[in-house]
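Single-structure report; data block below.
We use all heavy atoms of the structure for the numbers below, so side chains are in, but hydrogens, waters and symmetry mates are not.
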Amino acid sequence: MDLLQSSYAPDDASSPEEAAALSSPDSSPRRLPSKSAAPAVDDTALALSAAASSSRPLDPSLHLVAFNPTADQLWAPIVGPQHPHAPISSASGNRNHKLGHVEDAAVLPFLFDEQYNTFHRFGYAADPSGLHIVGDAQTQAPEPDTVYNLAPSEHKRRRLLSKTDSQDEPLPPEAKNPASEEWVLRNKQSPWAGKKEAPPAELTDEQKQYAEAHAAKKAEKEARGEGKGERAEVVVKTTFHGKEERDYQGRSWITPPKDAKATNDHCYIPKRCVHEWVGHTKGVSAIRFFPKYGHLLLSASMDCKIKIWDVLESRTCMRTYMGHSKAVRDISFSNDGTKFLSAGYDRNIQYWDTETGQVISTFSTGKVPYVVKLNPDEDKQHILLAGMSDKKIVQWDMKSGQITQEYDQHLGAVNTITFVDNNRRFVTSSDDKSLRVWEFGIPVVIKYISEPHMHSMPSISLHPNSNWLAAQSLDNQILIYSTKERFQLNKKKRFAGHIVAGYACQVNFSPDGRFVMSGDGEGSCWFWDWKSCRRFKTLKCHNGVCIGCEWHPLETSKVATCGWDGVIKYW
């Protein structure tokens, strides 16, 4: 016990009373002092660095910060005193932009444009407060001039002054070198600047000859009335090539034979060429058989002429009609064949007498007619419809010569006009890749057919039973549409295999409706079976494009074709 107490006894007892109290049996034993296992750390340097970091600004070149800076340190200015407009409570001030403090100013758009243009024009402008001038103001007036309050005379004076100043100063050496940028800037000319008249140079002999030839040609055009946008007046001429215009009984040469009738109810595919009509000097654009009898064949050509050929007997050209000054686009017979229409690229539609070759009347709207048709009703043979290049279908009354109706809904040039439903309606196709159905006499579309897969349809033909329309599509196929109320596409019937892309090749039917035929861009004539849609036969007809084909109305196995080689062939 004494040994333990001696171990607790302090070495430096301050007084005998404290020692006696510790050694007394009634006093409690002394506890051992607490000891930490962590090594001793000198935190003097840490406290000094913390005190220094709380006051110094951040170095912007540091990539690592060893302490947590305060907001005042982050927003404090790097060099120099504090921003004079910043509030005293914060060293950062009212910072609202990444570059510092930006003050709001309410400026009207007109005033801003005025000062902006004034600065770029004269080199000075008023600041938003209106109290100071920014830039090199040359006036001491309290309100300097701007671009909007200067008089026009002052604008002109300042422009001349700046021009003379620039001319008086000596030119740098770069301004004399055309390859330098300075020369381009000083010698560039506005596209609206007038041309400077140079002294007339002496013409060479070759140039004189060319000028004389050009002047002579111009004088000749003006004499013909072709100059200055005037259309040349074409003299209508006609030539009869037959033996006599009337026979011994007084019958006209266009009178059909009395014994002409269909030899057979069934049509057959032709096998060989039996005749060629050669007389056009350029490509033939359209052919039409004489209605019901087919003893004459009318042809329109790009040589501006229309010819009619005998089919049954002599097979020669009977008459030539010359009345167009440009290529003939389309032709159409009247119901009895005694008259026909022609449409040319000279923007004229002419109504001809087939027998005499005289022009009965001429119609024009100033646009190119692409298709012409007479109303098939017997009591409406005086009504003419024409599809024009200006997207309209124009209706004339040929008795009065007046336009009675305009059908204006298409978005492209009109290519075809086909009458359906007992001639009460007609279907038109256009370059806008759509079909539109119209009620005759009413310029409102009653059916609009346009699908994303559709192409332009430059030729449409009516089936002999009047229930179907065959449309030549420029994606190398023939589509069939119903002529009933809904004008639906018959997806089960599709005729393909020929190449017509880019050409308005005519599509047609045999008189009994068993075959579909069409020309193509390679000079062939294709025949398909109507029921099975299979290709029946292909005839190589022309060297160029086979543009037109017509089945003879009575000779059930004979077909006429025309092409751009200028030849009409009879098969």
Under the side-chain contact (heavy atoms from CB on, under 4.5 Å) test, which residues partner [X], sequence neighbours left out?
| X | result |
| --- | --- |
| Gln409 | Arg436, Trp438, Val445 |
| Ser557 | Tyr268 |
| Val328 | Ala300, Ile306, His324, Ile331, Ser342 |
| Gln405 | Gln395, Tyr407, Pro443 |

Ring-ring centroid check [X] [Y], cutoff 6.0 Å:
| X | Y | answer |
| --- | --- | --- |
| Trp526 | Phe536 | no |
| Tyr503 | Trp564 | yes |
| Phe290 | Phe333 | yes |
| His498 | Trp528 | yes |
| Phe426 | Phe419 | yes |

Please name all residues satisfying side chain to side chain donor-acceptor pair (under 3.5 Å) with [X], sequence neighbours left out, ordered by chain then number.
| X | result |
| --- | --- |
| Trp571 | Thr561 |
| Asn467 | Lys484 |
| Thr255 | none |
| Thr238 | Arg319 |

For [range], which residue pairs pass the salt bridge (Lys or Arg N to Asp or Glu O under 4.0 Å) check, not counting sequence neighbours?
| range | answer |
| --- | --- |
| residues 401-411 | Lys392-Glu406 |
| residues 493-507 | none |
| residues 354-364 | Arg246-Glu355 |
| residues 562-571 | Glu276-Lys569 |

Taking atom types as modelled, is there a side-chain donor on Thr320 or His241 under 3.5 Å from an acceptor on the other?
-> yes
Answer yes if the side chains of Tyr345 and Arg329 hold a donor-acceptor pair under 3.5 Å, and no otherwise.
-> yes
How are the rings of Phe340 and Tyr321 set to each other: parallel, tilted or perpendicular (split at 30° and 60°)?
-> perpendicular
When the ring planes of Trp530 and His463 are compared, do they come out parallel, tilted or perpendicular, using 30° and 60° as the limits?
-> tilted
Arg514/Asp512 salt bridge by N-O under 4.0 Å criterion = yes
Give me the one residue out of Asp330, Ile308, Leu297 that meets side chain to side chain contact (heavy atoms under 4.5 Å, CB included) with Arg288.
-> Asp330
